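To start, the structure itself, in structure tokens.
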Amino acid sequence: MRDTGIESAVMTKVKGLGKFNNRVMDVADYIVPSQGGSSFSIITSMVITANQTQGRCPETDNMFNCTTDDDCIAHLGSNLGNGIITGTCLNNDNGTTGWCEIEGWCPAENDNVSENPMKEVENFTIFIKNSIRFPQFNVKRGNFPSSLNHSDIKTCYYDPVDNPFCPIFKVGNILRDINQSLDSIIDKGGEIGININWKCNLDYNAMHCNPKYFFTRLDAAFENSAASKGYNFRFAKYYQSEDGTEHRTLHKAKAIRVEIIVSGNAGKFSTVPFLINLVAALTSVGLATVFCDIILLNFHKGADEYKAKKFEEVSGIVSESANNRLYEGSQMSIKALEKSPNDSGTFSIGRQESHSQSNQHNK
Amino acid sequence: MRDTGIESAVMTKVKGLGKFNNRVMDVADYIVPSQGGSSFSIITSMVITANQTQGRCPETDNMFNCTTDDDCIAHLGSNLGNGIITGTCLNNDNGTTGWCEIEGWCPAENDNVSENPMKEVENFTIFIKNSIRFPQFNVKRGNFPSSLNHSDIKTCYYDPVDNPFCPIFKVGNILRDINQSLDSIIDKGGEIGININWKCNLDYNAMHCNPKYFFTRLDAAFENSAASKGYNFRFAKYYQSEDGTEHRTLHKAKAIRVEIIVSGNAGKFSTVPFLINLVAALTSVGLATVFCDIILLNFHKGADEYKAKKFEEVSGIVSESANNRLYEGSQMSIKALEKSPNDSGTFSIGRQESHSQSNQHNK
Amino acid sequence: MRDTGIESAVMTKVKGLGKFNNRVMDVADYIVPSQGGSSFSIITSMVITANQTQGRCPETDNMFNCTTDDDCIAHLGSNLGNGIITGTCLNNDNGTTGWCEIEGWCPAENDNVSENPMKEVENFTIFIKNSIRFPQFNVKRGNFPSSLNHSDIKTCYYDPVDNPFCPIFKVGNILRDINQSLDSIIDKGGEIGININWKCNLDYNAMHCNPKYFFTRLDAAFENSAASKGYNFRFAKYYQSEDGTEHRTLHKAKAIRVEIIVSGNAGKFSTVPFLINLVAALTSVGLATVFCDIILLNFHKGADEYKAKKFEEVSGIVSESANNRLYEGSQMSIKALEKSPNDSGTFSIGRQESHSQSNQHNK
């Protein structure tokens, strides 16, 4: 009996301190969303556009370069700008290249500014608390033994060999495990999967039902794709001045996104399905007959006669006399066709000799 | 062999610019949560209650109308108000109808103010990056081919016929596909599902393993429900004055919620299970015997005798003489009962005539 | 035919008003994340550290006690502090115990301050809107009937017996159902699962396809664990002063985390698979033969002869004369071995007596 409908709840907690843009970043700064679920992002780099207010200003992306208003009118309705294209070309005095005007949050984000990403992420740790349940067996398990005490948990790091039950994962170790360089992932962002696989044999004590961890680069399928490398998203912090006007700071965050993927199933020996399967299997491949024959040929007191009858062979003589010697042997010969000594796979233990003789005898 | 335990990671990015309440709204304003996961909301309309501070003020909902304090005392402990009901009736001078007093964030939200929703959502685009893995076969796939280059991705729109591999979905196209009017969904809010279905035959190159998209209105089951139409949620932005007092702006947001639902399975031909299934199937419906008979009746050198024996029939004569003519035919007749020429389904190719004759002959 | 690939979308809405730290808390204050998905947290208690700015200050945790700088140098690179350890020991004048200096958000959070948790959470209600689809049958269902009207929904509470279809759950009732005390969960935080189980027999009208709810304490597996009790997370609200300097209020929130876990499958009678399974089952356990025998022994006109032949027995006489009386009975005796009256399980209705007699007769 297998239960594949695993129920899982994941709680995560990241610890670590980094520096970005001359500021110390802590968990409340770099984890989005904050509440520690099965999917979260560690921001490693940001493009920060401070003090944005609603208004009109030039675009920053070269895609919106213009020399006349017509260049900008062609972009009307575009979704790709930082604001709504008004159709006016700005800063194009003396025929030089300008930028289309937008209406929206100004100044527009300038994507080309780059800061050093937060390298310290390598030493960050991810604590994972995963509780699962197999509803069919009502077995509940946690991903670390209750014997692990508080100080162990504060100091251990997961290691597949030395520390397979420690629920604390170092980001750097994960990256090494999946052969990804820190530099590439903190620069562009990326997605990492931590798979927790529960495969439990509940014939043993549920205590032995423990998870296995493995790691993947989730966006590996897009490795060779020209488009859309990495992982980033935008969010804003909103502020209000004393006079009530609102301004915001826009963040384009490049992040390592971590997804905890829990899978698993549990099995338990169950007599009835086992017997049904066994009988079905034996019957379907003909082994049931073989098994019966073994008993009949060896352990039954009528074994000799049965053997005598079973192991006859079709011979030319029998077939010639089929019609007039109907009473003798022919039926047997047909039986023998179905189960000849060679193809039945059945053997009579230690009496193969006498069997051959009795065969002779019959003829 | 089928792998139904698909592992999936979804990254989404919405693009588009809209106008609400005379402000330009960009991604950082209308996407909640910001980090681009498999479930997100596009805010299309908001009831904004600015400058709330902790204090006491009258309710706004007519449910909390009152003429005396007793009317409000009846509401004590209610979860449905904007704040904790104090039990006092306010603004009921001269016996006119007033409102119960609440303690909490004041002024209370007035739900009846309505702004024009952000119609531009129709032209917003949702970019979906979905990477999957079939753990049993360790096959990784992405939802768009790596040959798709950056400029393609910036300009294409998904279309089931013309552009089935483009991972960019226009909200308006999705709504049309599921026969939902833009007006109804941006006014009340609603839930849309984008199903990504992977059904892969890995006997072919994994390159041919591509997803199919389809769309559903997720709250369709509640279409006819009198209660709880649409989708909305409340959130607040918190501000602090120079003197340290906190105030907030409460938003009741009506939104289109998008859920990316990934499902799928992969199959691969595997010899051993195939043979076991084949043999089991043939045996269980009796075809194995038929198959053996076909060989015996037609292609074996003893075929004629076998046929002679197999196709005898039960006749009145046989049954009368059952006891004294035991040696002749009766056993055969029982055999024939089990496999009469008519119900065995077995045929001897091109010799049906002679078989009838030999039957005659036997009798 | 069973469909186990249930597709589900969950929308939740919490209602209730509580008091924490002399402030009234409403949904926008205590629900994280705000958008009402299948996983959310209700904050019941917070450690609030107001007016943090970037700078240097002493740690607060006794783990970082020091008497000399060397004590702090030992902590360099630690992930466990509130900021980056600088290696300096502060406030250790006159050889008394001081704290290591950190660089980061100052002042550091002091975890030991405790406020009364928000007890009113007991009366909070969780409204759950769950729409599901069985893709194989294209059956869509909602978790409450469309006949439930608006006022019903505003006033009912789920009860397994009296109100099994009401989609509004009282937090206190859930806690009682899973035998958890309110005090322990609001003090430390915890995780609660609301399982929605759909088991549908679509042979009946889909109208009868309704969910069953049950509740679990998700972190039950860690009950006896010395480490990591409860559930908490940190988030910050960011403010900007008029002069542009940023400060934040750090919140360490203890919360009840609620996860809605939807599972289920639907079945429908389908003739072809049913017949295949039936035949396979009957054949594999030998019942097909028994069934045929019942017909032959009782309802067929040749029944008497068949019975006569079927129920012979192996006896000493037969075995002695096996060779010279080959034409008579011996074949039958072997048949009888395979199907003796005792082990065949087949019976001839109401004629067991005469069968024994005919057996006698044969001998």
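Every value quoted in this text rests on a predicted model; they were computed, and no experiment measured them. Lettering follows sequence order; numbering is per chain, from 1.
Per-residue heavy-atom pair counts under 4.5 Å with chain A were compared for B:P33, B:P135, B:G16, and the maximum is reached by B:G16. Heavy-atom pairs under 4.5 Å with chain A peak, among B:A50, B:A9, B:A28, at B:A28. Residue with the most contacts toward chain B among A:K237, A:R248, A:E191: A:R248 (heavy-atom pairs, distance under 4.5 Å). The candidate from A:G83, A:A253, A:S241 with the greatest count of non-hydrogen atom pairs under 4.5 Å with chain B is A:G83. Listed options B:D29, B:D26, B:N22 were ranked by heavy-atom pairs under 4.5 angstrom with chain A; first place goes to B:D29. When each of A:Q54, A:E246, A:R234 is checked for heavy-atom pairs under 4.5 Å with chain B, A:Q54 comes out on top.
In this structure, no portion of B:T12 lies under 4.5 Å from any heavy atom of chain A. For chain A, the nearby part of B:R141 is the backbone; its heavy atoms alone come within less than 4.5 Å. Interface remark: A:E242 contributes side-chain atoms only to the contact with chain B (heavy atom separation under 4.5 Å). For B:V139, no part lies under 4.5 angstrom from a heavy atom of chain A. Heavy atoms of A:E259 lying under 4.5 Å from chain B belong exclusively to its side chain. Heavy atoms closer than 4.5 Å to chain B are found in both the backbone and the side chain of A:Y238. For A:N195, the part sitting under 4.5 Å from any heavy atom of chain B is the side chain, from C-beta outward, and nothing else. Of the atoms belonging to B:N51, it is side-chain heavy atoms, and not backbone ones, that fall under 4.5 Å from chain A. A:I261 touches chain B through its side chain: at least one heavy atom from C-beta onward sits under 4.5 Å away, while N, CA, C and O do not. A:L250 touches chain B through its side chain: at least one heavy atom from C-beta onward sits under 4.5 Å away, while N, CA, C and O do not.
A side-chain donor from one of A:E101 and A:T86 sits under 3.5 Å from a side-chain acceptor of the other.
Atom CZ of B:R23 is separated from atom CE of B:M46 by 6.5 Å, given to the nearest 0.5 angstrom. Within the model, atoms CD1 of B:I48 and NE2 of B:H251 stand 4.5 Å from one another, a figure rounded to the nearest 0.5 Å. Rounded to the nearest 0.5 angstrom, B:F124 CZ and B:I42 CD1 are separated by 7.0 Å.
Between the side chain of A:D61 and the main chain of A:M63, a donor-acceptor pair closer than 3.5 Å is present.
Figure legend: B:K13 and B:F127 shown without cation-pi pairing, the cationic atom not lying both under 6.0 angstrom from the six-membered ring centre and within 45 degrees of its axis.
Below 30°, between 30° and 60°, or above 60°: for B:H247 and B:Y239 the angle between ring planes is between 30° and 60°, a tilted geometry.
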### Message
Run B:N130 and B:W198 through side chain to side chain donor-acceptor pair (under 3.5 Å) and show every step you take.
### Response
CA-CA 11 Å; B:N130 174 218; B:W198 296 83; 3.1 Å; yes
### Task
Show your working on side chain to side chain donor-acceptor pair (under 3.5 Å) between A:S263 and A:N197 and close with a plain yes or no.
CA-CA 5 Å; A:S263 59; A:N197 190 257; 2.9 Å; yes
### Task
Show the numbers, then the answer: is there a side-chain contact (heavy atoms from CB on, under 4.5 Å) between A:C72 and A:F64?
CA-CA 7 Å; A:C72 294; A:F64 294 99; over 6 Å; no
